Amino acid sequence: GEDVEQSLFLSVREGDSSVINCTYTDSSSTYLYWYKQEPGAGLQLLTYIFSNMDMKQDQRLTVLLNKKDKHLSLRIADTQTGDSAIYFCAVPNSGGYQKVTFGIGTKLQVIP
Amino acid sequence: NAGVMQNPRHLVRRRGQEARLRCSPMKGHSHVYWYRQLPEEGLKFMVYLQKENIIDESGMPKERFSAEFPKEGPSILRIQQVVRGDSAAYFCASSPVEGLSNQPQHFGDGTRLSIL
């Protein structure tokens, strides 16, 4: 099955850039997702990238995909305190339907 | 609110009781997924259902856990004879169409189950 790995914790100062990394073992040619979870809440779809793209930019968010190395990253520019949350990488499994494997989540702490 | 609705938000049970968790998918969505999130752990897939069918229950414990998604009404995740280790946040997600991988799963806010 799919294995998705993320670092557990990242701490940055307000105004700096944050880079959250994710590696995976297998993926069908589909979309790869980033979700954000704030305390006590569910997962909110943040952004996604199609697997034939290298980069996608959406305001302060930049997603980079290195398909050869099976590496996905999420860059948050000008990180704000409201960005403090857990960020999950989600990768569809190869298979007949969209079963998705989630990473363990990276907890982003933004220091004022 | 057109999002995925889960209730209750918090549920407290004593060991040995039954827990029922409900999930109403987004309007127009016919596919439901249940996940469990243990403290300091990621999301673990439990079961995937369509209306009246269980498609994949490979992540669900063989005993005490069951899930259904009837033709009418919400999806139910049922845990019988709960034990302390069942304490977790249980999330439901829904998607509109099977097999189209550009349809992301949309999540509810979860049910936090505490076992005394």
Side-chain angles (χ1 to χ4, degrees), chain A residues 1-9 20 22-24 26-53 56 58 63 65 72 85-107 109, chain B residues 1 3-10 21 23-26 29-50 53-60 88-112 114:
Chain A
E2 183 74 68
D3 189 23
V4 179
E5 293 196 357
Q6 299 179 239
S7 53
L8 286 177
F9 193 73
I20 301 170
C22 170
T23 57
Y24 56 96
D26 185 26
S27 176
S28 54
S29 297
T30 60
Y31 290 82
L32 295 91
Y33 307 100
W34 283 102
Y35 284 84
K36 176 183 180 182
Q37 183 183 31
E38 295 182 358
L43 276 70
Q44 171 197 355
L45 180 65
L46 200 58
T47 187
Y48 57 89
I49 187 168
F50 189 53
S51 58
N52 70 350
M53 298 170 64
K56 178 183 177 182
D58 183 2
V63 180
L65 175 61
L72 183 70
I86 301 175
Y87 291 82
F88 291 91
C89 169
V91 179
N93 295 20
S94 300
Y97 68 90
Q98 194 190 357
K99 184 174 178 179
V100 175
T101 299
F102 287 81
I104 197 168
T106 299
K107 186 172 184 178
Q109 180 188 45
Chain B
N1 188 338
V4 178
M5 301 300 293
Q6 289 188 250
N7 67 82
R9 289 294 308 277
H10 300 274
L21 288 62
C23 169
S24 296
M26 279 182 74
H29 287 194
S30 56
H31 301 257
V32 166
Y33 311 79
W34 284 95
Y35 294 86
R36 178 165 62 178
Q37 185 179 34
L38 290 164
E40 308 304 320
E41 292 190 21
L43 280 171
K44 301 296 183 187
F45 167 81
M46 297 182 75
V47 61
Y48 161 48
L49 308 105
Q50 295 176 25
N53 283 307
I54 296 174
I55 307 302
D56 182 349
E57 55 183 348
S58 58
M60 201 145 74
Y90 292 82
F91 290 95
C92 170
S94 71
S95 67
V97 182
E98 172 206 354
L100 291 182
S101 51
N102 60 337
Q103 301 292 334
Q105 296 175 21
H106 295 265
F107 282 78
D109 283 338
T111 294
R112 277 135 186 95
S114 299

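Chain identifiers are assigned alphabetically (A, B, ...) following the order of the sequence lines, protein sequences preceding nucleic acid strands; residue numbering begins at 1 within each chain. Since this is a predicted model, take the numbers as computed values, not measurements.
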Between A/G40, A/G105, A/A90, which shows the greatest number of heavy-atom pairs under 4.5 Å with chain B?
A/G40
Would you please name every residue forming a salt bridge (charged side-chain N to carboxylate O under 4.0 Å, His left out) with A/E38, sequence neighbours left out?
A/K36
Are the ring centres of B/F107 and A/F102 closer than 6.0 Å?
yes
Under 4.5 Å from a heavy atom of chain B, the part of [X] involved:
{"X": "A/Q44", "result": "neither"}
{"X": "A/L45", "result": "side chain"}
{"X": "A/F88", "result": "side chain"}

Report the residues that fulfil side-chain hydrogen bond (donor to acceptor under 3.5 Å, both in side chains) with A/W34, sequence neighbours left out, ordered by chain and then residue number.
none
So, taking the atom named OG1 in A/T101 and the one named NZ in B/K44, what distance separates them when rounded to the nearest 0.5 Å?
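Going from the OG1 atom of A/T101 to the NZ atom of B/K44 covers 9.0 Å.
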Measure across B/Q105 and A/Y35 and return the closest heavy-atom pair with its distance rounded to 0.1 Å.
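Smallest heavy-atom distance, with atoms named: O-OH, 2.6 Å.
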Name the region of B/Q6, side chain, backbone, both or neither, that has any atom closer than 4.5 Å to a heavy atom of chain A.
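Interface part for B/Q6: neither.
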